[in-house]
Each structure stands twice: as C-alpha cells, then as structure tokens.
Amino acid sequence: QVLLVESGGGLVQPGGSLRLSCVASGRTGTMAWFRQTSGKEREFVAATSFNGRATTHADSVRGRFTIVRDNNKNTVHLSMKNLKPGDTAVYFCAQRDRSMDFDSERAESPANYDSWGQGTQVTVSS
C-alpha cells in the first residue's frame, strides 16, 4: 500500500496563493487532488498521469489551479492562485496504481483510487 502525506494548507486571503504538496511512499500511477467540505461529496480537483505529462483539471479550478508532478521525488503539487472563499475545504491527495490508463473520466471518480492521504485544510478568508 502506498502512503500519501499532504502538506502546505493554511489560511490565505481571497486572491492569494498556496502550494500544496503530496509525497508518496512508493511507486504511483495516476495521482490526483480532491477536496471536501462538511456535509458534501468529495469533489475532483485535478489529476496527472504517472509520468506527469498528461493532466486534467475540474472546470471550477481551471486557469487558477495547476497540478504538477515531480517524478524524481514521487511528489505531486497543487499550485493554487486567485483563491476564493469557495475554495475552502480539506484537500486530499490520492493515487491509483499503473493498471489504470490515464483518462479524464476515470481520473474524476474517487472510486478509482487506491490510496488517500489524511488531508490538509485550506481556508480562504479575510
């Protein structure tokens, strides 16, 4: 089982930026970020293929958030800019082994992931 550890969350003002990081304990395939607020379903944010060459982003964050993979460090980042109060959530890192071909539809479903991190809180508020 691959262990995932997120970091980088915190409190930021609207319009500000944060960079989240997720470190994996071993080999990974597709890696992704999801977010969740109290009482709501886990929401897809972004995903990247095993080699980092292909990515997909949710419509709600496209143009503001960027997922970047560092293949040499088994690490994925989520660079967030122009943050809005609606971005406030716990952000989770997830991965699926390499048996799953990278595909936007597959990547958007939480059910397709094998491992999850503990989450990191992002709060956007004045």
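Just so you know, residue 1 is the first one in the sequence shown, and it goes up from there.
Here the side chain of T123 pairs no donor or acceptor atom with the backbone of L11 at under 3.5 angstrom. Between the R106 side chain and the M100 main chain, no donor and acceptor come within less than 3.5 Å of each other. When atom types are taken as modelled, the side chain of T48 and the backbone of A54 share a donor-acceptor pair closer than 3.5 angstrom. Under the 3.5 Å distance criterion, the side-chain polar atoms of R69 are matched with a main-chain donor or acceptor of S49. E6 places a side-chain N or O within donor-acceptor distance of the main-chain N or O of C93, the cut-off being under 3.5 Å.
In this structure, the side chains of S17 and S79 stay at 4.5 Å or more apart for every pair of heavy atoms. Side-chain atoms of T28 and F50, non-hydrogen and from C-beta on, never get closer than 4.5 Å to each other. Considering only heavy atoms from C-beta on, Q13 stays 4.5 Å or farther from S125 through its side chain.
Side-chain heavy atoms closer than 4.5 Å link hydrophobic residues (I, L, V, M, F, W, Y) into clusters, and following such links, even through other members, never connects F102 to W33. Residues F44 and L20 do not share a hydrophobic cluster, defined by chaining ILVMFWY side chains whose heavy atoms lie under 4.5 Å apart.
More than 12 heavy atoms of other residues, nucleotides or ligands shown are found within 6.0 angstrom of CD on Q121.
Contact check on D97 versus R27 returns no salt bridge, with no Lys/Arg side-chain nitrogen under 4.0 Å from an Asp/Glu carboxylate oxygen. Taking the charged nitrogens against the carboxylate oxygens, R62 and D59 do have a contact shorter than 4.0 Å, which makes a salt bridge.
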Output, in order, the C-alpha distance, side-chain angles, deciding distance and verdict of side chain to side chain contact (heavy atoms under 4.5 Å, CB included) for N82 and F65.
-> CA-CA 9 Å; N82 192 25; F65 294 8; over 6 Å; no
Passes side chain to side chain donor-acceptor pair (under 3.5 Å), T30 versus R96? Steps please.
-> CA-CA 5 Å; T30 298; R96 171 66 185 266; over 6 Å; no
Going through the distances and angles, do L18 and V122 end up as a side chain to side chain contact (heavy atoms under 4.5 Å, CB included)?
-> CA-CA 9 Å; L18 283 174; V122 172; 3.9 Å; yes
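The OG1 atom of T37 sits 11.0 Å away from atom CZ of R42, with the distance rounded to the nearest 0.5 Å. Rounding to the nearest 0.5 Å gives a distance of 10.5 Å between CG of L78 and SG of C22. A distance of 4.5 Å separates OH in Y113 from CZ in F34, rounded to the nearest 0.5 Å. In this structure, CD1 in I67 is found 10.5 Å from NE2 in H77, a value given to the nearest 0.5 Å. Rounding to the nearest 0.5 Å gives a distance of 10.5 Å between NE2 of H57 and OG of S104. Atom CG of D70 is separated from atom OG of S21 by 9.5 Å, given to the nearest 0.5 angstrom.
Just one residue in the list T75, V2, N74, L4 forms a side chain to side chain contact (heavy atoms under 4.5 Å, CB included) with M31, and that residue is L4. Checked against R35 for a side chain to side chain contact (heavy atoms under 4.5 Å, CB included), the options T88, V90, T120, V61 give a single hit: V61. Checked against Y91 for a side chain to side chain contact (heavy atoms under 4.5 Å, CB included), the options M80, Q36, E43 give a single hit: M80.
Between F92 and W116, the two ring planes are perpendicular [angle over 60°; tilted spans 30° to 60°].
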